[in-house]
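Working notes for the structure below.
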Protein chains: 2
Amino acid sequence: MSYEIEQLLLKHGVKPTPQRAVIAQFLLSTHSHPTADEVFQAVSESLPVPLSRATVYNTLNCLVEAGVLIEVVVEPGKSRYDANTSQHHHFVDTESGKIIDVRPEEVKNLPLKLSEGFLDGAFDVEDYRITFFGKRKG
Amino acid sequence: MSYEIEQLLLKHGVKPTPQRAVIAQFLLSTHSHPTADEVFQAVSESLPVPLSRATVYNTLNCLVEAGVLIEVVVEPGKSRYDANTSQHHHFVDTESGKIIDVRPEEVKNLPLKLSEGFLDGAFDVEDYRITFFGKRKG
DNA sequence: ATTCATGCAAAGCATTTGCACATAA
DNA sequence: TTATGTGCAAATGCTTTGCATGAAT
């Protein structure tokens, strides 16, 4: 496994194993927001090590807990994974279902705030995520 | 079933039945964003008609398709339902898991736009939803 | 030796579906 | 009677878990 991936995992307190490295590597190489099953398919095909679905699920959960990945839920029933852990938003193409990362700089009028009176000011907003929906032009 | 609920269902092209009316009624009466199972529990308890889980699922899907409800997904694995169909956002209390509706007027800096250059201007944004995360103060 | 990741198969949930029965127009 | 909603139970799909094996410290 590559030195960089190994360092990344170690930095997050995750013991580097071939399976973990290859799954993390795959997620770093794509912007397609794959599901667990898509990760399993993709990684199984082109892999020096064998891989079971259980390990894919265990590994994805482990990497999410460690902060290497984030879990993205846009449709009910399945989770998607994203190695882009910096604060960002998503655009969902409602025709293809594709999910595209949107950097905060690409959204005008950020940062957002709730009005002072929101619920008597009883809550602190720590973060927010925006999901845009739309279609390809033309 | 009440006249108003009946009219609401008819207006959306849904044939009013006791089960549908009572499920719609329950969702109109709460802001708790219940899951299908919570709807089943709540409605089963205080009900003149018997009710099966299949009917709850069928009905919720039917009401979502008809535009009477919206489906809200904040956690993987289960859908939640909301009779507030006007465009709005959500605040998730990360300690209790509670979901609170946020009216657009309560968010400063709206409306949002993507910058002109976003993906070469290839997409039209039709809508967006914001999910805020935070905690109760103190 | 001890710890812990992996693989397999079984189990667990949320949800959907097939089919028979009931109900309403 | 014709269409359609409902109920039950079985099936499905995604994910988790238990347990035995295997690798690494």
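Below, chain A is the first sequence line, B the second, and so on; all start at residue 1.
Rounding to whole angstrom units, CG of residue B:Asp37 and C1' of C:dG12 are separated by 14 Å. A straight line from CD of A:Glu75 to P of C:dA14 spans 19 Å, rounded to a whole angstrom. Atom pair B:Asn61:CG and D:dG5:P shows a separation of 13 Å (rounding to whole Å applied). Remark: P of C:dA5 and CG of A:Leu9 are 12 Å apart, rounded to the nearest angstrom. We find that CG of A:Leu60 is positioned 13 Å from C1' of D:dC14, with the value rounded to whole Å. The nearest whole Å value for the distance from the CD atom in A:Glu71 to the P atom in D:dT16 is 8 Å. Spacing between atom CZ of A:Arg53 and atom C1' of D:dT12 amounts to 14 Å, rounded to whole angstrom units. Atom-to-atom, OH of A:Tyr57 to P of C:dT6 comes out at 16 Å; the value is rounded to the nearest Å.
If you check every strand for non-hydrogen atoms under 4.0 Å, B:Pro76 touches nothing. As judged by a 4.0 angstrom heavy-atom cut-off over every strand, A:Thr35 is placed among residues making no nucleic acid contact. Counting any heavy atom pair closer than 4.0 Å across all strands shown, B:Arg20 reaches sugar-phosphate atoms only and no base atom.
Under the side chain to side chain contact (heavy atoms under 4.5 Å, CB included) test applied with A:Leu63, the options A:Asn58, A:Leu8, A:Ile70, A:Leu9 reduce to a single match, A:Leu9.
Remark: the backbone N or O of A:Lys113 is not paired with any side-chain donor or acceptor of B:Asn109 at under 3.5 angstrom.
OP1 or OP2 of C:dG7 sits under 4.0 Å from a side-chain N or O of A:Thr55. Here A:Thr17 reaches the OP1 or OP2 of C:dT6: one of its side-chain N or O atoms lies under 4.0 Å away.
Between A:Arg129 and A:Asp127 a salt bridge is recorded (basic side-chain N to carboxylate O distance below 4.0 Å). Electrostatic pairing of B:Glu116 and A:Lys108 counts as a salt bridge here, judged by a charged N lying under 4.0 Å from a carboxylate O.
Looking at the side chain of B:Lys78, the nearest of the listed nucleotides C:dA5, C:dG7, C:dT15 is C:dT15. The nucleotide whose nearest atom lies closest to any side-chain atom of B:Ala54 is, among D:dT6, D:dC8, D:dT15, D:dC8. Nearest nucleotide to the A:Ser79 side chain, out of C:dG7, D:dT15, C:dT15: D:dT15. Distance from the side chain of B:Ala36 is smallest for C:dT15 among the nucleotides C:dT15, C:dG7, D:dG5.
Residues B:Gly77 and B:Asn58 each lie close to DNA chain C; by heavy-atom proximity, the contact nearer the 5' end of the strand is made by B:Gly77.
Note: A:Tyr128 and B:Phe132 have tilted aromatic rings, judged against thresholds of 30 and 60 degrees for the angle between ring planes.
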